[in-house]
Protein chains: 2
Amino acid sequence: MSADRAAPTIVDVARAAGVSKSLVSLAIRGDVGVSDATRTRILAVADDLGYRSNVLARGLARGRTQVIGVLVSDLSNPYHADVVAGIESRALDAGLGTVIGHGRSRPEVLAARLDQILDLGVDGVIVVSAMLAAEALDAAATRRPLVMVGRPFTQPRRVSVVRNHDERGAALALDHLLSLGHRRIVHLASSRRAAASARRHAYGEAMTRADLPATTLWVDEGGTAALLAASGTPEGPTACFAGNDRTAAALLHDALDAGLDVPARLSIVGYDDAQIARQVRPGLTTVAQPREAIGREAARLLLSRIDGDRDTVEVTLEPSLTVRGTTAAPC
Amino acid sequence: MSADRAAPTIVDVARAAGVSKSLVSLAIRGDVGVSDATRTRILAVADDLGYRSNVLARGLARGRTQVIGVLVSDLSNPYHADVVAGIESRALDAGLGTVIGHGRSRPEVLAARLDQILDLGVDGVIVVSAMLAAEALDAAATRRPLVMVGRPFTQPRRVSVVRNHDERGAALALDHLLSLGHRRIVHLASSRRAAASARRHAYGEAMTRADLPATTLWVDEGGTAALLAASGTPEGPTACFAGNDRTAAALLHDALDAGLDVPARLSIVGYDDAQIARQVRPGLTTVAQPREAIGREAARLLLSRIDGDRDTVEVTLEPSLTVRGTTAAPC
DNA sequence: CAACGCCACTGGAACGCTCCAGGAGCCCCT
DNA sequence: AGGGGCTCCTGGAGCGTTCCAGTGGCGTTG
């Protein structure tokens with residue numbers, strides 16, 4: 001099938017338009033110094049021939065590919081999808097393409113993908129994963145500008161960080177519960193990672209501020225069962241702030257199974273506004289991160305780094321509270 | 001910061017090892033015709049210098065980048081994530097990298113991303129999206145080998161297709177309901193797209209085979225309400241086969257809201273074994289597609305096309321039934 | 001011992017683009 | 001009339017690879 005004939009190059013266009021290849025290059029990139037008449041002619045010819053500029057050749061010659069990479073640990077996590085959407089929209093505004101690498105939640109795969117994306121010649125990388133090893137992150141950052149999403153501390157210098165303000169989010173959740181009249185509020189934690197710790201500490205501080213005792217229960221230590229058992233008793237907790245929506249949803253599930261009325265006997269607040277928060281019944285009250293905005297901000301930081309800005313910064317964005325059906329005044 | 005010094009090239013390695021750049025190239029690619037002693041020396045030097053081969057230059061010179069592209073319409077769809085995981089694992093086995101493009105469920109974005117991925121110089125593309133316009137698909141297929149996942153008909157020749165056997169899946173669902181003793185089974189459809197049609201037709205055929213009347217209700221025509229109203233009556237349906245899990249979950253939700261006992265008064269079977277099937281209560285009985293296997297098969301087909309195989313084929317893989325809590329014998 | 005074949009290695013062209021130094025033509029000013 | 005400064009355009013070098021046609025040395029063979 002002759003349609004497989006080699007793709008037209010800049011030289012083909014130049015020949016067909018009767019100009020030099022340099023001029024075609026200038027015209028296509030929209031450079032000044034090309035007369036309008038010639039430019040339109042060249043573009044028409046290019047279009048006619050079905051010319052597409054070869055990114056590989058351009059990247060090789062310019063040292064820039066106009067493509068940024070995004071490394072994601074878990075594709076199926078809607079949080080990641082939204083952040084990626086934000087990144088893409090901002091990149092597109094700047095005329096850059098985006099490719100995504102998928103780490104399948106495994107540190108070694110993640111590191112390999114990161115290398116592979118960099119090898120492809122992207123101009124910069126945004127890492128949306130808390131799981132990437134610090135050394136891999138550091139090594140990558142010496143190769144290209146790198147922006148990290150979500151990890152609360154800038155371990156290596158040279159990387160910028162965008163994250164949601166977990167402390168403030170936890171405070172939002174607790175203010176909500178406190179204003180409903182809850183006093184015996186426990187925290188259900190399932191992870192010791194950075195974001196989870198920030199939320200846990202913020203919980204502790206909010207309780208201290210309100211002069212109330214703080215109690216953290218761990219899922220992997222049977223915390224859920226302990227919580228459910230206690231919440232029947234007169235002195236038991238009337239509300240629970242969970243470290244994330246998955247944990248909250250599981251708790252809700254178990255509570256309903258145990259015949260405990262939610263929210264009448266136990267109020268539950270999650271964190272993340274994940275899809276599951278809308279799917280459970282009653283709907284989960286939760287703290288929402290500004291996911292697209294986080295992505296857009298990450299892209300903005302990366303673009304400025306690509307343009308030569310050497311400063312690495314840490315940006316935190318404000319979360320908000322979404323009230324659904326799992327919170328009410330204690331009865 | 002002096003770590004930003006230019007990355008070492010093959011020439012640097014050659015100079016450091018005291019050989020020609022051609023020999024370095026051969027050694028690194030594992031070509032024959034390099035003595036063992038020289039090869040190990042070259043590799044050691046390369047490693048020492050932190051040499052990484054430049055994919056852009058290699059792609060330009062060879063016309064092959066050793067990277068395949070995957071175009072996905074919706075990142076957050078776990079179905080897609082699993083297919084991608086399958087693709088990646090197979091590609092990795094063959095020593096190829098993978099980049100993902102994200103179409104955000106919008107045909108025009110999808111088409112633009114596809115072009116962009118192709119521009120990047122990937123050796124082939126796998127499209128995991130039913131939404132891509134046929135023309136865009138066709139245009140892409142003339143540029144590189146292309147494999148389509150999920151769309152049941154090969155519209156343009158030149159593309160291979162991997163899909164789940166929707167007809168057989170629907171038959172599995174109906175066999176299950178029939179063997180439970182159901183006789184009045186309706187189909188609830190929400191889409192007229194290809195996969196949905198295949199399931200709908202298979203429903204009709206299965207009913208005909210069993211000598212039972214087939215009734216298809218459409219969600220967008222108030223089918224859900226009609227179904228719920230009818231299922232109370234003596235002659236009303238005792239079971240429903242939904243076109244996908246989302247539809248099934250919504251039906252389940254409405255049925256429970258209406259005070260209808262599921263599965264006692266109404267059995268429900270979905271399709272896809274999406275995450276939601278596990279999250280609703282009771283868990284949804286559904287047809288599961290072999291998602292990773294589909295991805296692996298797609299990658300296998302693509303690789304053989306890349307290696308010069310000109311045949312385009314259509315492969316269907318067998319689905320399986322996952323029985324959960326929404327099906328029981330009619331009472 | 002000359003001829004041959006094979007092995008290990010080399011140098012340069014090519015891939016498709018960008019960038020740079022420079023050239024032709026034109027208008028304006030002195 | 002001569003020069004200066006535009007604007008519009010050109011040719012060639014260079015980006016880091018791969019590929020191809022050799023080259024030289026060595027062992028085998030008639």
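Fair warning: this is a prediction, and the values are worked out from it, not measured in the lab. Each chain gets a letter, A, B and so on, in the order the sequences are listed, and its residues count up from 1.
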*Asks:* Please report, rounded to the nearest Å, how far the P atom of D/dC9 is from the CG atom of A/Asp36.
*Replies:* 10 Å
*Asks:* Can you name the closest pair of heavy atoms from B/Ala111 and B/Ala136 and give their distance?
*Replies:* CB-CB, 4.0 Å
*Asks:* How far does the helix from C/dC1-D/dG30 to C/dT30-D/dA1 bend, going by the axes of its first and last five pairs, to the nearest 10°?
*Replies:* 60°
*Asks:* Any idea which heavy atoms bring B/Asn164 and B/Ile294 closest together, and the distance?
*Replies:* CB-CD1, 3.9 Å
*Asks:* Considering non-hydrogen atoms only, spot the tightest contact between A/Val34 and A/Asp31 and give its length.
*Replies:* CG2-O, 4.0 Å
*Asks:* If I take atom CZ from residue B/Arg291 and atom OH from residue B/Tyr79, how far apart are they, to the nearest 0.5 angstrom?
*Replies:* 8.5 Å
*Asks:* Do A/Thr312 and A/Arg158 have side-chain atoms, one donor and one acceptor, less than 3.5 Å apart?
*Replies:* no
*Asks:* Write down the distance between CG (B/Leu56) and P (D/dG16), rounded to a whole number of angstrom.
*Replies:* 11 Å
*Asks:* Between B/Ser22 and B/Ser25, is any side-chain donor less than 3.5 angstrom from a side-chain acceptor?
*Replies:* no
*Asks:* Mind checking if B/Arg39 touches a base, just sugar-phosphate, or nothing, with heavy atoms under 4.0 Å?
*Replies:* nothing
*Asks:* Chain B on DNA chain C: first and last contacting nucleotide, 5' to 3', under 4.0 Å to a heavy atom?
*Replies:* C/dA8 to C/dG16
*Asks:* Please give, in whole Å, the distance from D/dC15 C1' to A/Leu60 CG?
*Replies:* 4 Å
*Asks:* Taking it one step at a time, do A/Thr316 and A/Arg163 satisfy side chain to side chain donor-acceptor pair (under 3.5 Å)?
*Replies:* CA-CA 5 Å; A/Thr316 55; A/Arg163 64 183 191 91; 5.7 Å; no
*Asks:* In terms of side-chain heavy atoms, does B/Asp123 have a donor or acceptor partner in B/Thr65 at a distance below 3.5 Å?
*Replies:* yes
*Asks:* Within this structure, what is the CG-to-P distance between B/Asn54 and D/dT18, rounded to whole angstrom?
*Replies:* 10 Å
*Asks:* Rounded to whole angstrom units, what separation is found between the CZ atom of A/Arg29 and the C1' atom of D/dC9?
*Replies:* 14 Å
*Asks:* How many Å lie between CG on B/Leu23 and P on D/dT18, as a whole number?
*Replies:* 12 Å
*Asks:* Regarding D/dG11, can its base be found pairing with the side chain of A/Ser22 as donor and acceptor, where the two atoms are less than 3.5 Å apart?
*Replies:* yes
*Asks:* I need the CD1-P distance between B/Ile28 and D/dC19, as an integer number of Å.
*Replies:* 14 Å
*Asks:* By nearest nucleotide on DNA chain C, pick out whichever of A/Val11 and B/Arg41 is the more 5' one.
*Replies:* B/Arg41
*Asks:* Heavy atoms only, 4.0 Å cut-off, all strands: where does B/Val19 land among base, sugar-phosphate and nothing?
*Replies:* sugar-phosphate
*Asks:* Considering just the side-chain nitrogens and oxygens of B/Ser25, establish if one lies under 4.0 Å of OP1 or OP2 belonging to D/dT18.
*Replies:* yes
*Asks:* Let me know the distance between CG of B/Leu26 and P of D/dT17, rounded to the nearest Å.
*Replies:* 14 Å
*Asks:* What heavy-atom pair brings B/Leu60 and A/Ala57 nearest, and what distance separates the two atoms?
*Replies:* CD1-CB, 3.8 Å
